[in-house]
**Q** 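Got a structure for you, questions after.
Atom set for the values below is all heavy atoms of this structure, side chains included, hydrogens, waters and symmetry mates excluded. Keep in mind the model is a prediction, meaning the values are calculated, not measured.
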Amino acid sequence: MSAARKTPKHSTKDTNRPASDAAVDLTRLLDIVSAFSKQTICVVGDFVLDEFASCEISRISREAPVLILRHRRTEAYPGGAANAVNNLADLGARVVPVGVLGTDAGGRALLDQFRRKRINTSGIVTARNWLTTTKTRFLAGWTHTTEQQVLRVDREPIGTLSASLQATVEQKARRLAKQADAVLVSDYGLGAATPVLIHKLAKNRIMLDSRYRLREYAAAGVTAATPNEPELEAAYQTQIGSDARKLDDLGTHALRELGVEALVVTRGKDGMAVFENGAGGSHRARHIPIYGSDAPVDVTGAGDTVIAVFTLAVAAGASYFEAAHLANYAGGIVVMKRRTATVTRSELESTLRHEATAQH
């Protein structure tokens, strides 16, 4: 049977979008996904607990023009680097997280969730003087309406990791990275993942997701990076908007400055742009339109899913363009779920088979 080829669907046309370069062998992608369970990924990064407090709107306060909410329930999910870990586990990979948690309720909750999934927690450092970052989103609605986020409260550590904690994290990262097929770096600016540390792991394949300091990794030996478009714009203090040429110029510049083999820019409803160091010095972007709907249900943590699938696919033998395609499918699946969600291997395989069948 000939290999199926499919361009991921997108639901609207936009004349500002660059031309798509999205043809890909879906049979090949299924083979890559089938190899996910054979891969070990070391995740070095900042662990976050995502809380969602569901509330019912009770009335307007007499004290101030604000809503009074009646609390229904609170749910907690792994966020940040912990969400990447959770995605990798649900995709069937062996995953070894490295980072720091407090001995507080948030830290205990994350450790409990990892252990329930039989995730190796030997690379996690617990510290009494460290606060586990917790992001609490308050969701409100009437009895028979969809909840909307009305407020977010973040609890974050004050100050930086001590030198002794940094040394312990480095020791664990260097040991566990040697046992992994690839290293995923999830830098949310909280101190566990730093350019200095990642430079010491540079003999590995390193995939980077850095929220605030992308350019600081220029000399760290990173293999590939997956910034979203606002992060890329912030790093270079420029606006891309709908200008395809600006995107090409900025992506090419970032690819060269960072010294990476590939740069995957996620663009929301405009899909992805994949930059690679090509033969003959070509760096032309290849564009992948979004998979599924351009009206997402919840984008919380979608970037964590993208970097998890991308890293795992490269470890399993995918080209960067193939890995970006798989990450694009996964992103399209996860944004249609509520809360900080994951994509399972069976969901990804089912989607690929459905897309292949649609060609016949």
**Q** Between Y212 and D187, is the side chain to side chain donor-acceptor pair (under 3.5 Å) condition met? List the steps.
**A** CA-CA 8 Å; Y212 303 112; D187 180 4; over 6 Å; no

**Q** Give me the one residue out of L258, V274, L250, N277 that meets side-chain contact (heavy atoms from CB on, under 4.5 Å) with L263.
**A**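 The side-chain contact (heavy atoms from CB on, under 4.5 Å) with L263 is passed solely by L258 among L258, V274, L250, N277.
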
**Q** With no hydrogens and no angle check, just 3.5 Å: does a side-chain donor-acceptor pair link T132 and D104?
**A**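 Side chains of T132 and D104: pair found under 3.5 Å.
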
**Q** Run through R345, K337, K117 and flag the one making a salt bridge (charged side-chain N to carboxylate O under 4.0 Å, His left out) with D90.
**A**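 With D90 as partner, R345, K337, K117 yield a single salt bridge (charged side-chain N to carboxylate O under 4.0 Å, His left out), made by K117.
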
**Q** Any side-chain heavy atom of K200 sitting closer than 4.5 Å to one from V196?
**A**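 Yes. Closest side-chain heavy atoms under 4.5 Å.
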
**Q** Would you sort out whether E257 and Y236 count as a side chain to side chain donor-acceptor pair (under 3.5 Å), showing the intermediate values?
**A** CA-CA 11 Å; E257 182 183 66; Y236 289 93; 2.5 Å; yes

**Q** Would you please say whether a donor-acceptor pair under 3.5 Å links the side chains of N87 and T305?
**A**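 Looking only at side-chain atoms, T305 and N87 do form a donor-acceptor pair, the distance falling under 3.5 Å.
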
**Q** Can you name the closest pair of heavy atoms from G251 and F275 and give their distance?
**A**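 So the two residues come closest at CA-CZ, 3.6 Å.
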
**Q** Side chains of H287 and M272: closer than 4.5 Å at any heavy-atom pair?
**A**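 They are not in contact (no side-chain heavy atoms under 4.5 Å apart), so the answer is no.
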
**Q** What closest approach, in Å, do E75 and R339 show between heavy atoms, and which atom pair accounts for it?
**A**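 The pair with the smallest heavy-atom distance is OE1-NE, 3.1 Å.
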
**Q** Quick one: do R267 and I240 satisfy side-chain contact (heavy atoms from CB on, under 4.5 Å)? Show the steps, please.
**A** CA-CA 10 Å; R267 310 186 65 221; I240 295 170; 4.3 Å; yes

**Q** Quick check: do Y329 and V343 have side-chain heavy atoms less than 4.5 Å from each other?
**A**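 They are not in contact (no side-chain heavy atoms under 4.5 Å apart), so the answer is no.
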
**Q** Assess the residue pair D248 and K246 against the criterion (salt bridge (Lys or Arg N to Asp or Glu O under 4.0 Å)); give the C-alpha distance rounded to whole Å, side-chain angles, the decisive distance to 0.1 Å, and a yes or no.
**A** CA-CA 5 Å; D248 276 351; K246 275 189 177 180; over 6 Å; no

**Q** Tell me, yes or no, whether the heavy-atom count around Q179 atom CD, taken from other residues, nucleotides or ligands under 6.0 Å, exceeds 12.
**A**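 Count over threshold, so yes.
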
**Q** For a quick test of reading the model, state the closest non-hydrogen atom pair linking V260 to V222 and the distance between them.
**A**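 Between these two residues, the closest heavy atoms are CG1-O, 3.5 Å.
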
**Q** Just wondering, do I206 and I198 contact through their side chains at under 4.5 Å, heavy atoms?
**A**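 I198 vs I206: side chains touch.
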
**Q** Check the orientation of H325 and F321. Use parallel for under 30°, tilted for 30 to 60°, and perpendicular for over 60°.
**A**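 H325 vs F321 ring planes: perpendicular.
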
**Q** Look only at the side chain of T344 and the backbone of E347, and say whether a donor-acceptor pair between them is shorter than 3.5 Å.
**A**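 It does hold such a pair.
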
**Q** Please evaluate residues D209 and D304 with respect to the criterion side-chain contact (heavy atoms from CB on, under 4.5 Å), reporting the C-alpha separation (whole Å), side-chain torsions for both, the decisive distance (0.1 Å), and the verdict.
**A** CA-CA 8 Å; D209 181 15; D304 304 319; 4.1 Å; yes

**Q** Sequence neighbours excluded, which residues qualify as salt bridge (charged side-chain N to carboxylate O under 4.0 Å, His left out) partners of E349?
**A**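 With sequence neighbours excluded, E349 shows a salt bridge (charged side-chain N to carboxylate O under 4.0 Å, His left out) to no residue whatsoever.
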
**Q** Walk me through whether R286 and E276 qualify under salt bridge (Lys or Arg N to Asp or Glu O under 4.0 Å).
**A** CA-CA 9 Å; R286 288 189 283 179; E276 292 185 62; 2.7 Å; yes

**Q** Heavy-atom count check: over 12 atoms from other residues, nucleotides or ligands less than 6.0 Å from H71 NE2?
**A**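 Correct, the count exceeds 12.
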
**Q** Which heavy atom in P78 sits nearest to a heavy atom in Q113, and how many Å separate them?
**A**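 Closest approach of P78 to Q113, heavy atoms only: CD-OE1, 3.1 Å.
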
**Q** Among I124, L111, V85, V96, which residue meets the side-chain contact (heavy atoms from CB on, under 4.5 Å) test with I119?
**A**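 Only one of I124, L111, V85, V96 forms a side-chain contact (heavy atoms from CB on, under 4.5 Å) with I119, namely V85.
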
**Q** Please name all residues satisfying side-chain contact (heavy atoms from CB on, under 4.5 Å) with N228, sequence neighbours left out, ordered by chain then number.
**A**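 Per chain and number, N228 pairs via side-chain contact (heavy atoms from CB on, under 4.5 Å) with P230, E231, T266.
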
**Q** How far apart are the closest heavy atoms of S210 and L214, and which atoms are they?
**A**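 It is OG-N, 3.7 Å.
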
**Q** Which heavy atom of G141 sits nearest to which heavy atom of R72, and what is that distance?
**A**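 In this case the closest contact between G141 and R72 is O-NH2, 4.3 Å.
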
**Q** The test is side-chain contact (heavy atoms from CB on, under 4.5 Å); show your working for R205 and V183 and say whether it passes.
**A** CA-CA 6 Å; R205 282 183 292 193; V183 176; over 6 Å; no

**Q** Counting only N and O atoms by type, is there a donor-acceptor contact under 3.5 Å from the side chain of R108 to the main-chain atoms of T103?
**A**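 The answer is yes, because a donor-acceptor pair under 3.5 Å joins these two groups.
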
**Q** Pairs under 3.5 angstrom only: tabulate donor-acceptor contacts from the side chains of residues 44-53 to other protein residues two or more places apart or in another chain.
**A**
unit_1, atom_1, unit_2, atom_2, d
D46, OD1, G191, N, 3.4
D46, OD1, A192, N, 3.0
D46, OD2, Y188, N, 2.8
D46, OD2, G189, N, 3.2
D46, OD2, L190, N, 3.2
D50, OD1, R137, NH1, 3.2
D50, OD2, T340, OG1, 2.7
E51, OE1, T136, OG1, 2.8
E51, OE1, R155, NH2, 3.0

**Q** Check the hydrophobic clustering (I, L, V, M, F, W, Y; side-chain heavy atoms under 4.5 Å; chains of links allowed) and say if L139 and W142 are grouped together.
**A**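 No, it is not one cluster - the side chains of L139 and W142 are not joined through contacts under 4.5 Å.
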
**Q** Counting heavy atoms not belonging to K178, are there more than 12 under 6.0 Å from its NZ?
**A**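 Not more than 12 within 6.0 Å, no.
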
**Q** Go through the steps for V185 and M207 under the test side-chain contact (heavy atoms from CB on, under 4.5 Å), then give the verdict.
**A** CA-CA 6 Å; V185 179; M207 310 299 162; over 6 Å; no

**Q** Between C42 and L184, is there a side-chain heavy-atom distance shorter than 4.5 Å?
**A**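 Contact flag for L184/C42 side chains = no.
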
**Q** Are side-chain N/O atoms of T143 and E56 paired as donor and acceptor at under 3.5 Å?
**A**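 Distance-only check passes for T143 and E56.
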
**Q** Side-chain donor-acceptor pair under 3.5 Å between N86 and Y77, yes or no?
**A**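 Short answer, no.
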
